Amino acid sequence: MNKDEAAPETRLIHTRAARLGRVTVNPPVERASTVLFRDEAGLYGAKPTYGRMGLTVHRELESGMCELEGARHARLASNGLQACALAITTCVSAGDHLLYPDCSYGPTARFCEKRLRETGVEAERYDPRIGAGIEALFKSNTKAVFIESPGSLTFEVGDAPAMIAAAKARGIRTICDNTWGAGLLHQPLALGADISVQALTKYVVGHADAFGGAVMTRDAGLAGRIAATSEEWGIGLAPDDAYLAVRGLRTLATRLRAHEAAGLEMAHWLAARSEVADVLHPALPDHPDHALWKRDFTGSNGLFGIILNPVPEGGMERFFETLSLFGLGFSWGGFESLIIPCDQQLTRTKGSWTEGRAGPLLRLHIGLEATADLKADLSAAFTALSAS
Ligand SMILES: Cc1ncc(COP(=O)(O)O)c(C=O)c1O
């Protein structure tokens, strides 16, 4: 069997970087800053010369991320936010203009608004549903368009191919945060994007026990610039975290299928509840961007939002207090179900989110528990929410 022709889940299981000496199923974790050389020529000739550049486990994770994203080059970072910042700062510098979506992950938006602006980059939000209309926002100094689809908290699906085509025609770089798509559900590089970024912290690690980020590209020149930026900033990933990400890659496809099935079942169940005004899940046929999702994604996962109908006084406190399986916590992509109220985090300035809506916005991550138990947990919380 030619491994290159195998299915993605097969390739993720059989990716192995070149190793010195004995070959084991899993890569060795070398906890090392110092790498020793026999002679002076080695010291100044070989790579890696220092642990920060990564060792065996990092090379294995980079190969796995290339398989996952259809990339030729991958660079690791210590978390997803750092990977986004690395990709963006590789593409823009003082005097440049960057476009980023109104639905960006909050800390990414903050990075653009504060850090980038302080360094002389003009960062401008765009409506995530703008599609080819993004062209009207291009300026002579526009150097990059950041895309995050579906959007954080609000789950709009952008027309990435239309935005990428418009940017390409003007020589503008495109960077996609593909954390929701996780590589198996969406491949921005195949759609023509220059860079795909993932927070490995979510589905790749999959167990809420490590951080990680990765920046992928097919372009050798761009990969060299990403590597240089990374080395200038001293960006790297701890070997134990890299190991947990490699381990996560082996079971990613199986876990994602389980999250997808449970997520869809819970989304349909929630859509039928009287307490729920709207379910924000792009795989549901009545989601406004369902057609785009169907065209550009091969599946979904366990992360989506709901908008409640107006809630009686004290209802949300009673709702969250009653939940015993759903944890109240940030992050997603792990084995456990989580829920958060989102209104406190929304900083939208464009599109429908600036207008009124029925009630509070919640984000759910559906984990790997039995869906009957999750429904029982939410049913009890809904009863408490409505009690006066
Ligand atoms: C879409 C998206 N991108 C990036 C990140 C940042 O990842 P990390 O927490 O590893 O910095 C997150 C975190 O929630 C995210 O949801």
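Order of listing sets the numbers, starting from 1, for every ligand and every atom in it. Treat the numbers as computed from the prediction; the structure is a model and nothing was measured.
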Review point. Just by distance, do the side chain of R59 and the backbone of R16 share a donor-acceptor pair under 3.5 Å?
Key: no
Point to revise | Side-chain donor or acceptor of T56 paired with backbone N/O of P27 under 3.5 Å | key: no
Practice item. Taking only heavy atoms of the protein into account, state which residues are under 4.0 angstrom from an atom of ligand 1, in chain and number order. Key: N79, G80, L81, Y105, E148, S152, D177, T179, A199, T201, K202, F211, W332
Check your understanding: Mind checking whether L374 and L338 sit in one hydrophobic cluster, side chains of I, L, V, M, F, W, Y counted as touching below 4.5 Å?
Key -> no
**Study point:** Pairing of E60 and R247 as salt bridge, 4.0 angstrom limit
**Key:** no
Practice item. Inspect the contact between D219 and R173 and indicate whether a charged nitrogen and a carboxylate oxygen are less than 4.0 angstrom apart. Key: yes
Exercise for review: Measure centre to centre between the rings of H365 and F326, then say whether the value is under 6.0 Å.
Suggested key: no
